[in-house]
2 protein chains.
Amino acid sequence: MALLDVVALADGPMRFTDILSLADQPRGTLHRQLSHLVEEGLLEIDRDGRYLIGLRLLTLASRSWARNEFRAVAEPHLHRLQEETSETVHLGILRGAEVIYLDKVEGRQSVRMYSQIGNASPAYCTGVGKAALSALGDPELAARVAALEFRRYTEHTLRNAAELLSDISAIRARGYAFDLEEHESGICCVAAPIRSDDGHMLAGVSVTGPAYRVTPQKLQAWAPLTVAAADSIMMDMRNRMGPKR
Amino acid sequence: MALLDVVALADGPMRFTDILSLADQPRGTLHRQLSHLVEEGLLEIDRDGRYLIGLRLLTLASRSWARNEFRAVAEPHLHRLQEETSETVHLGILRGAEVIYLDKVEGRQSVRMYSQIGNASPAYCTGVGKAALSALGDPELAARVAALEFRRYTEHTLRNAAELLSDISAIRARGYAFDLEEHESGICCVAAPIRSDDGHMLAGVSVTGPAYRVTPQKLQAWAPLTVAAADSIMMDMRNRMGPKR
DNA sequence: GCAATAGTTCCATTATTCGGAACAAAATTT
DNA sequence: AAATTTTGTTCCGAATAATGGAACTATTGC
């Protein structure tokens, strides 16, 4: 898995030696491990002998994505929210201190459509992430925040734990989060938290758009819609899950 | 990997015992293997103790997809073809006797947008698949066809190797393939083959639409556009790859 | 409350991986 | 073009980790 990560994180196909320098393992060992991964279809070798991620992962991921219950339940609500706002809607799920985007619904041009799905971003500088964090209990929140390193993606990115915790208490008070160009310059969003009954799974929905089009007033106006969508998703999940447990 | 496949192929989360009955392994062994997969994030356990595919795969797949060179090169051509025809355009790559869809560009409604990406379908009953097969040399083609089992997805699905080979020689003669409701009832397409210089990688582009809207005449009219798109992709790949090798 | 089923842990045996070294093939330099 | 360095591949005894039967615990259904 460490090798898979190395290859997946690279910008392009990697030669044997490139991998060798990143994974600190003897050459013989590395060679055998790579061969096994290739056998399994997790890696592939191009005609220049360079390694890249195999298609098998795409197939596996696609199947599990399509059958993901939470995603399926949320889908109609995401579409409705998209139509109400005519901006891009995201569904993200909290994993540790990261948000993984599970779905995305765009308006007209579906350029770069898959770009976000599956993408992992730091929770502290995304709307969905902060919304999800706000649903954590204080001890758990403190633990996750303690482990964070704050990187400044833009000039508006929160700088430290204090700023984050203060923002989170504001989010708790009003019930929704803003991201005002904190992760990407020129991109703003409103987001609302989704929590499962047992509090085990935390997620969020957001409405995102370019700052020139999406004014603070608009974000404010969309907040109730976003919260409503999040609540509907929670309700549907509860109904779906209820009977079993 | 066998376990991952079992879990990924299931319709929903699987209990320990469900997996036990499919994977023939002693309980102790299976339990430990599942635990390792969970540790690595390849599997996850829901609150009912059932196993499902982990998000890590989605993240890995997403990264490699976004950086896939072939996909990136093809993308603008797919968009152009989509605009020219205003129907859905697919890019698929041949793996053995299967086609794996690498990209999809839709018109207005982007419902089920990711549904196809990463999906593997039999080559013999899809436009892209037959187009790609037609670019194989005869010995290689014979070998791959010999291993096929022909399942009848619709009443138009090709029934056996003879029908397939005959269709393929027609495809070779005219340079493009049709799928007339052979995989899914009510769905037709035209497809053109893409071959890399060394013939190592085979792929295809297709224009797909519902039979009531997409008449044979239209398919015929789109054929040259599809072939042109495939050729442009081939050219771009050649230029991109050329300098290096 | 009790049986049956489901899930988890343990540990001696067994099988696999490890990694150094030798070997082979390219790429680079002289 | 030959020599040298860099890169990629194979081999095999030693070290390590996986195996799977059995014992144990927890959960479910009657």
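First the proteins, then the strands, lettered A, B, ... as listed; each starts at 1.
- Atom pair R50(B):CZ and dG7(C):P shows a separation of 11 Å (rounding to whole Å applied).
- In terms of the side-chain hydrogen bond (donor to acceptor under 3.5 Å, both in side chains) criterion, residue partners of Y176(A) (sequence neighbours excluded) are, by chain and number, Q220(A).
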Readout for nucleotides 16-22 of chain C: B = base within 4.0 Å of protein heavy atom, S = sugar-phosphate only, - = neither; 5' to 3' it is -SBBB--
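- By the salt bridge (Lys or Arg N to Asp or Glu O under 4.0 Å) test, R95(A) pairs with E44(B), sequence neighbours left out.
- I19(A) has its CD1 atom 15 Å from the C1' atom of dT9(D), to the nearest Å.
- Under the rule for a salt bridge (Lys or Arg N to Asp or Glu O under 4.0 Å), the partners of R15(B) that lie at least two apart in sequence or sit in another chain are D18(B).
- Rounded to a whole Å, the CG atom of L30(A) is 14 Å from the P atom of dT7(D).
- Atom CZ of F16(B) and atom P of dA26(D) are 17 Å apart (whole Å).
- R15(B) has its CZ atom 16 Å from the C1' atom of dT8(C), to the nearest Å.
- One can place CG of L34(A) at 15 Å from C1' of dT10(D), the figure rounded to the nearest angstrom.
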After noting the C-alpha distance and the side-chain angles of R172(A) and D138(A), does the key distance pass the salt bridge (charged side-chain N to carboxylate O under 4.0 Å, His left out) rule?
CA-CA 12 Å; R172(A) 282 175 174 161; D138(A) 276 325; 3.0 Å; yes
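- Within the structure, a side-chain polar atom (N or O) of H31(A) is placed less than 4.0 Å from OP1 or OP2 of dT9(D).
- Distance, D48(B) CG to dA6(C) P: 15 Å, rounded to whole Å.
- Every residue meeting the side chain to side chain contact (heavy atoms under 4.5 Å, CB included) condition with S232(B), not counting sequence neighbours, appears here in chain and number order: H77(B).
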Scan the side chains in residues 22-29 of chain A for donor-acceptor partners under 3.5 Å anywhere in the protein, sequence neighbours excluded, and list what turns up.
unit_1 : atom_1 : unit_2 : atom_2 : d
Q25(A) : NE2    : Q33(A) : OE1    : 3.3

May I have the list of side-chain donor-acceptor pairs in residues 139-147 of chain B shorter than 3.5 Å, sequence neighbours left out?
unit_1  : atom_1 : unit_2  : atom_2 : d
E140(B) : OE2    : R144(B) : NE     : 2.8
E140(B) : OE2    : R144(B) : NH2    : 3.2
R144(B) : NH1    : G96(B)  : O      : 2.9

Could you pull out every donor-acceptor pair under 3.5 Å between side chains of residues 51-58 of chain A and any protein atom, sequence neighbours left out?
unit_1 : atom_1 : unit_2 : atom_2 : d
R56(A) : NH1    : E40(A) : O      : 2.5
R56(A) : NH1    : E40(A) : OE1    : 3.2
R56(A) : NH2    : D5(B)  : OD2    : 2.5

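- With hydrogens and angles disregarded, no donor-acceptor distance shorter than 3.5 Å links the side chain of R195(A) to the backbone of A132(A).
- Look at CD on E40(B): it is 14 Å from P on dA17(D), rounded to the nearest Å.
- Taking five base pairs at each end of the helix from dG1(C)-dC30(D) to dT30(C)-dA1(D), the local helix axes there meet at an angle of 50°, rounded to 10°.
- Residue T17(B) places at least one side-chain N or O closer than 4.0 Å to OP1 or OP2 of dG7(C).
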